[in-house]
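We number each residue from 1, following the sequence as shown.
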Amino acid sequence: LEELDLSQCGLTRLPASFGHLGNLRSFKASHCQLISLPSSIVDVKSLLRLLLHNNVLNNPPQAICDQGIDEIRAFFSFERTKALKRFKILVLGEAFSGKTSLIKTMIGNLPFLTGMDDRTVGVEEHDLHLLSNQLFVSESALIILVIDINNYGDYSDSFDQNIKKYLEIVFDRIRKSYILCVFTKVDPPSRKRTRPSGISINLLERAQFCEQDVLCKLKEFQAFRAEKLKLISLPPKQSDFVLDQNKNMRIHPEVFFTSARDVQSVSNLKSFIDKLADDVQLLPSVGDVMPTAWLDFERDLAVKCRKKELSAIDLKEVKNFGADYSLSEQQVLIVLRYFHRVGSLLYFERPGLDEVVFGSSQLVVEAIKQIFRHDYESLDCQSCKVAGMLSSSRFCDDKK
């Protein structure tokens, strides 16, 4: 037997005897329900092509299996492993929508209002800047789409501006994710009449309108997306893959209302996220099994960056550092790809960026902020030339 295709057959496990298929050259088992692979798979020395996309693998992790048979062999070359309990959360939304305040309130369990110097405005204020979001989007992440309740209204493009354009980034970029819509700045009232819930009457009415409008338009968006994909002229198998890809992009059928001034509202959101983490179908990276050497390498690399007060480190130095953990240069790249995908570090395999490992996303954010400034129009031209800043109009003119 040299070729075996078990894709889309509901397969849940492979037997240990899989390693006896000594002549197997190509194996496909995509779109199944595989959770783990037998270590005997490395005994199939003839295996050259392995496709396991769209499973729920955590041993090895799906992110490792997607890279191919060489990465799987590298994974099983380490005997000691440990199950992880983590996943990536990506927060998207318009400028001044309260993303930073929401994140810091979630982390600190204390009310937090972002100061001007801490804001990330400039990264997302103009449509052009949405391109920068693709640096951080990755599969199997939990996407929190943040909407300022004060900026969502009944005008025609409110949904498009606050929600749809971000959904399209995610849907076009990745195959599997879970999306929560979270309204911010639903602040407790300081005076006048209130409902028993503590929300002012006017704000309660606005919240009810926002919830009904968003849920209705989310259904329309998903229906439109599905219909659009059906119209794409693709070979049968590829068409099935694209449609299945759309099914794996799930939007939660409720919206959340939070305020950085009201810790309880943010705690309720955190509790819901904790429950999501128990569902491997929604967040398959939770429970990933990793070699302890890889985890030690990741932890100590972060410590190394902090001690040197570096947010970025040269790839050659990282590879040399990996040798202390019995990692070959190729294995270092495998580890970097995985931890980039789960968000604990950033490594971009693109020309110009592939020689640097970012221990923190903050350096990347700061670099983008210096290029795309929200206050560009208020600056004189000379200072812009010196700082190398760009506005949306100037960038478009240069493109022409």
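Shown here is Arg25, whose CZ atom has no more than 12 heavy atoms of other residues, nucleotides or ligands within 6.0 Å. Few gaps surround NZ on Lys270; more than 12 heavy atoms of other groups in view lie less than 6.0 Å from it.
Between Cys210 and Ile149 there is a side-chain heavy-atom pair separated by less than 4.5 Å. Side chains of Leu180 and Leu269 form a contact here, defined as non-hydrogen atoms less than 4.5 Å apart. Looking only at side-chain heavy atoms (C-beta outward), Lys185 and Asn151 stay at 4.5 Å or farther from each other. Under the 4.5 Å side-chain criterion, counting only non-hydrogen atoms from C-beta, Leu52 is in contact with Leu57. Side-chain contact between Val318 and Val332 is present, with at least one heavy-atom pair separated by less than 4.5 Å. Leu24 has its side chain within reach of Leu4: a pair of non-hydrogen atoms, C-beta onward, lies under 4.5 Å apart.
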Task: Intermediate values then yes/no, salt bridge (charged side-chain N to carboxylate O under 4.0 Å, His left out), Glu317 and Lys304 - done: CA-CA 11 Å; Glu317 186 176 350; Lys304 183 181 179 72; 3.5 Å; yes
Task: salt bridge (charged side-chain N to carboxylate O under 4.0 Å, His left out) evaluation trace for Glu211 with Arg206 - done: CA-CA 9 Å; Glu211 182 174 32; Arg206 171 174 277 276; over 6 Å; no
- [ ] Kindly determine whether Tyr166 and Glu94 satisfy side chain to side chain donor-acceptor pair (under 3.5 Å), including the steps that lead there.
- [x] CA-CA 9 Å; Tyr166 295 101; Glu94 290 289 277; 2.5 Å; yes
Open item on the list: Between Asp187 and Ser259, is the side chain to side chain donor-acceptor pair (under 3.5 Å) condition met? List the steps.
Closed with: CA-CA 5 Å; Asp187 297 334; Ser259 167; 2.6 Å; yes
Open item on the list: Show, in sequence, the C-alpha distance, side-chain angles and deciding distance for Arg49 and Glu3, and conclude whether the salt bridge (charged side-chain N to carboxylate O under 4.0 Å, His left out) test is met.
Closed with: CA-CA 9 Å; Arg49 189 181 188 209; Glu3 295 185 12; over 6 Å; no
TODO: Given ring pair (Phe, Tyr, Trp, His ring centres under 6.0 Å), test Phe358 with Tyr347 step by step and report yes or no.
DONE: CA-CA 6 Å; Phe358 297 94; Tyr347 174 60; 9.2 Å; no
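Using modelled atom types, no side-chain atom of Arg80 and backbone atom of Ala293 make a donor-acceptor pair closer than 3.5 Å. Between the side chain of Thr258 and the backbone N or O of Val266 there is no donor-acceptor pair closer than 3.5 Å. In this structure, Ser40 contributes its side chain and Ala16 its backbone to a donor-acceptor pair below 3.5 Å. Counting only distance, with no hydrogens or angles, the side chain of Asp213 and the backbone of Phe209 share no donor-acceptor pair below 3.5 Å. The closest donor-acceptor contact from the side chain of Ser101 to the backbone of Gly98 lies at 3.5 Å or more, if one exists at all. Without hydrogens or angle criteria, Gln67 side chain to Ala63 main chain gives a donor-acceptor distance under 3.5 Å.
Side chains of Gln8 and Ser30: no donor on one and acceptor on the other come within 3.5 Å. For the 3.5 Å distance criterion, the side chains of Asn268 and Gln264 qualify, holding a donor opposite an acceptor.
The hydrophobic clustering, which links ILVMFWY residues whose side-chain heavy atoms are closer than 4.5 Å, places Ile64 and Leu51 apart. Hydrophobic clustering of Ile, Leu, Val, Met, Phe, Trp and Tyr side chains at less than 4.5 Å, counting indirect connections, unites Phe272 with Val182. If you chain together hydrophobic residues whose side chains sit under 4.5 Å apart, Leu333 and Ile313 fall into the same group.
When the ring-ring contact (aromatic ring centres under 6.0 Å, His included) test is applied to Phe221, the partners found at least two apart in sequence or on another chain are Phe171. Scored by the ring-ring contact (aromatic ring centres under 6.0 Å, His included) test, Phe321 finds Phe297, Tyr325 as partners (sequence neighbours excluded).
Using bins of under 30°, 30° to 60° and over 60° for the plane-to-plane angle, the ring pair Trp294/Phe75 lands in the perpendicular bin.
The two residues Ala29 and Asn55 make their nearest non-hydrogen contact at O-ND2, 2.9 Å.
Under the 6.0 Å cut-off for aromatic ring centres, Phe18 and Phe27 qualify, their centroids lying closer than that. The distance between the ring centers of Tyr152 and Phe183 falls below 6.0 angstrom.
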